[in-house]
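To start, the structure itself, in structure tokens.
Just follow the structure's listing: the first ligand is 1, and inside any ligand the first atom is 1.
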Amino acid sequence: RAKSDGRNICRFFERAMDARVTERRQLELDLRKALAAQEFEVYYQPVVDARSEAITACEALLRWHHPERGMVPPAEFIPLAEEFGLIVPLGTWVLRTACAQATTWPDGIKVAVNLSAAQFKSRTLAHTVVAVLAETGLAPNRLELEITESVLLADSEATLAILHHLRSLGVRIAMDDFGTGYSSLSYLRAFPFDRIKIDRSFVRELGEAEGCLAIVKAVAMLGASLGMATTAEGVETEAQMHKVREQGCTEAQGYYVSPPRPAHIIAELLRPRIAVEA
Ligand code: C2E
Ligand code: MG
Ligand code: MG
Ligand code: MG
């Protein structure tokens with residue numbers, strides 16, 4: 001009896017696994033078609049100066065409108081795209097789209113683009129960035145590339161060389177999701193980032209957890225003494241906005257200011273307001 005139970009359990013898991021495998025196969029096939037089918041869209045989320053609350057940059061955030069599943073969040077499909085070797089063409093598409101879009105914005109507004117580790121491994125990244133800047137005519141100092149710890153974990157010597165190369169072009173480099181990894185501090189020593197983005201897990205608990213206030217304050221001070229700007233991510237309330245400003249963050253980003261939005265809405269937001277005379 002125990003034996004047949006065991007077999008049933010095995011069969012149950014096998015079937016569940018089969019379903020997962022089929023599901024992933026299907027998503028892979030869908031992903032392969034999605035770029036050509038123009039199912040991807042780049043949304044933009046404003047980043048504001050912590051004091052004036054004026055927009056300083058917009059972060060490009062990829063969206064996938066799946067024909068049957070609707071909007072699939074990047075946390076779900078980006079890891080798959082990485083695994084299937086699709087992130088390089090997809091990442092290049094995001095970069096090109098975002099840089100072209102940014103040329104339509106006022107000159108002072110930067111665009112931030114997220115990069116994945118696989119884009120560094122492909123060894124064509126610096127070349128791609130140079131080509132996209134030339135093609136779109138975007139000034140290099142208006143482009144900021146965001147990387148997370150996972151990028152530096154893999155093959156850090158080669159990665160650092162690419163980062164230095166990109167920096168020499170005038171492109172800015174930001175450390176994303178700061179404080180969530182195991183050795184965030186050692187990465188700050190390894191590369192002179194232009195910006196630290198404080199992960200939203202610290203910002204979320206700013207009113208409640210005493211420790212979060214101290215951490216946000218310490219990172220803002222660290223940034224200031226290293227000559228790096230500090231963006232607080234995930235600012236959702238006026239109280240949080242007030243706190244991150246008070247603790248010395250130079251910029252803020254989050255639903256309090258605006259969620260990520262389609263390009264045409266951002267363009268509207270950035271259009272210089274012409275004073276109407278009474
Ligand atoms: P990230 O780069 O840290 O982006 C910030 C994420 O926080 C975005 O999620 C954004 O929508 C969300 N967010 C912004 N403000 C708030 C807030 O006030 N509250 C809350 N709860 N969330 C907020 P999203 O768009 O789902 O993207 C998730 C992650 O996927 C990004 O994290 C980034 O790591 C990755 N990603 C997005 N687009 C790309 C891309 O084009 N290439 C690569 N490699 N990764 C991307
Ligand atoms: Mg980011
Ligand atoms: Mg982040
Ligand atoms: Mg993130």
Side-chain angles (χ1 to χ4, degrees), residues 31 34-35 39-48 55 57-65 70-99 101-102 110-122 125 128-129 132 143-151 154 172-181 184 193-207 216 219 229-241 243-244 249 251-263 266:
L31 258 181
L35 195 54
E39 290 165 9
F40 290 113
E41 183 179 0
V42 180
Y43 274 29
Y44 299 89
Q45 184 177 37
V47 177
V48 298
I55 298 175
C58 292
E59 178 175 2
L61 292 160
L62 187 55
R63 295 292 178 262
W64 181 15
H65 306 284
M71 188 93 94
V72 183
E76 262 171 51
F77 71 82
I78 287 183
L80 290 179
E82 284 173 344
E83 201 177 315
F84 303 147
L86 297 171
I87 196 69
V88 172
L90 189 53
T92 301
W93 179 82
V94 173
L95 184 70
R96 184 178 296 121
T97 305
C99 288
Q101 191 64 46
K110 283 183 269 180
V111 64
V113 177
N114 293 285
L115 296 180
S116 89
Q119 288 173 277
F120 282 84
K121 272 186 232 129
S122 85
L125 182 63
T128 301
V129 171
V132 167
L143 174 62
E144 192 159 280
L145 300 172
E146 299 191 358
I147 64 167
T148 57
E149 255 187 44
S150 62
V151 168
R172 293 164 207 255
I173 313 289
M175 162 118 276
D176 205 353
D177 302 347
F178 184 80
T180 54
S184 302
F193 291 94
D194 295 282
R195 175 181 309 279
I196 302 171
K197 299 192 76 172
I198 306 173
D199 190 71
R200 71 165 184 268
S201 56
F202 300 105
V203 175
R204 186 172 49 218
E205 284 168 55
L206 266 176
V216 170
V219 177
T230 43
T231 302
E233 298 193 85
V235 174
E236 294 184 355
T237 66
E238 189 177 359
Q240 289 168 348
M241 185 70 194
K243 289 218 165 77
V244 302
C249 294
E251 269 96 13
Q253 181 178 3
Y255 297 164
Y256 172 67
V257 176
S258 164
R261 290 203 157 105
I266 293 297

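Within the listing of ligand 1, atoms 3 (O) sit less than 4.0 angstrom from a heavy atom of D177. Listed by atom number, the atoms of ligand 1 under 4.0 Å from E236 heavy atoms are 17 (C), 18 (O), 19 (N), 20 (C), 21 (N). For ligand 1 and G234, the ligand atoms under 4.0 Å from any heavy atom of the residue are 16 (C), 17 (C), 18 (O). Interface atoms of ligand 1 facing S116, defined by a heavy-atom separation under 4.0 Å, are 44 (N). Shown in contact with D176 at under 4.0 Å from a heavy atom are these atoms of ligand 1, numbered in order with element: 1 (P), 2 (O), 3 (O). Numbered from 1 in the order shown, with element, the atoms of ligand 1 that lie under 4.0 Å from a heavy atom of L115 read 44 (N). The distance from ligand 1 to the heavy atoms of Q45 drops below 4.0 Å at these ligand atoms: 14 (C), 15 (N).
An N or O contact shorter than 3.5 Å is missing between Y256 and ligand 1 by distance. On a distance-only criterion, P74 and ligand 1 share no N/O pair closer than 3.5 Å. Taking only nitrogen or oxygen atoms, main chain and side chain alike, Q119 does not reach within less than 3.5 Å of ligand 1.
Counting heavy atoms from C-beta outward, V132 and L143 have side chains that stay 4.5 Å or more apart.
Closest to the Mg ion (ligand 2) among the N, O or S atoms of E59 is OE2. Distances from the Mg ion (ligand 3) to each N, O or S atom of D176 single out OD1 as the nearest. As for E146, its N/O/S atom nearest the Mg ion (ligand 2) is the one called OE1. For E233, the N, O or S atom closest to the Mg ion (ligand 3) goes by the atom name OE1.
The pair K197-E144 does not meet the salt-bridge criterion, since no charged nitrogen lies less than 4.0 angstrom from a carboxylate oxygen.
Under the 4.0 angstrom criterion for non-hydrogen atoms, A75 is not in contact with ligand 1. Residue contacts with ligand 1 include P260, since one of its heavy atoms falls under 4.0 Å from the ligand. Judged by the shortest distance from any of its heavy atoms, E233 lies inside the 4.0 Å radius around the atoms of ligand 1. Under the 4.0 angstrom criterion for non-hydrogen atoms, E59 is in contact with ligand 1. For Q253, the closest heavy-atom approach to ligand 1 does not fall below 4.0 Å.
A tilted orientation is assigned to the rings of H65 and Y43, their planes being inclined by 30° to 60°.
When the side chain to side chain donor-acceptor pair (under 3.5 Å) test is applied to T128, no partner is found at least two apart in sequence or on another chain. For P73, the side chain to side chain contact (heavy atoms under 4.5 Å, CB included) test picks out E76, with sequence neighbours left out.
Taking both residues in full, the closest heavy atoms of V244 and A232 are given as CG1-CB, 3.6 Å, listed atom of the first, atom of the second, then distance. When every heavy atom of G234 is checked against every heavy atom of Q240, the shortest pair comes out as O-OE1, 3.9 Å.
Side-chain N or O atoms of D194 include one that pairs as donor or acceptor with a backbone N or O of I173 at under 3.5 Å. Q45 contributes a side-chain N or O that, together with a main-chain N or O of S258, makes up a donor-acceptor pair within less than 3.5 Å.
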Could you give me the CA-CA distance, side-chain angles and deciding distance for L61 and N114, then say whether side chain to side chain contact (heavy atoms under 4.5 Å, CB included) is met? CA-CA 8 Å; L61 292 160; N114 293 285; 3.7 Å; yes

Should L62 and F77 be marked as a side chain to side chain contact (heavy atoms under 4.5 Å, CB included) after you check the CA-CA gap, both sets of side-chain angles, and the distance that decides it? CA-CA 10 Å; L62 187 55; F77 71 82; 3.7 Å; yes

Given L31 and F40, is the side chain to side chain contact (heavy atoms under 4.5 Å, CB included) satisfied, shown in steps? CA-CA 10 Å; L31 258 181; F40 290 113; 3.7 Å; yes

May I have the step-by-step check of side chain to side chain contact (heavy atoms under 4.5 Å, CB included) for L145 and L95, ending in yes or no? CA-CA 9 Å; L145 300 172; L95 184 70; 4.1 Å; yes

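The Mg ion (ligand 3) has no N, O or S atom of D199 under 2.8 Å away, backbone or side chain. The Mg ion (ligand 3) has an N, O or S atom of D177 closer than 2.8 Å. The distance from the Mg ion (ligand 2) to the nearest N/O/S atom of N114 is under 2.8 Å.
Residue-level proximity to ligand 1 for R204 is absent, since no heavy atom of it falls below 4.0 angstrom.
A ring-centre distance under 6.0 Å is not found for F193 and F178.
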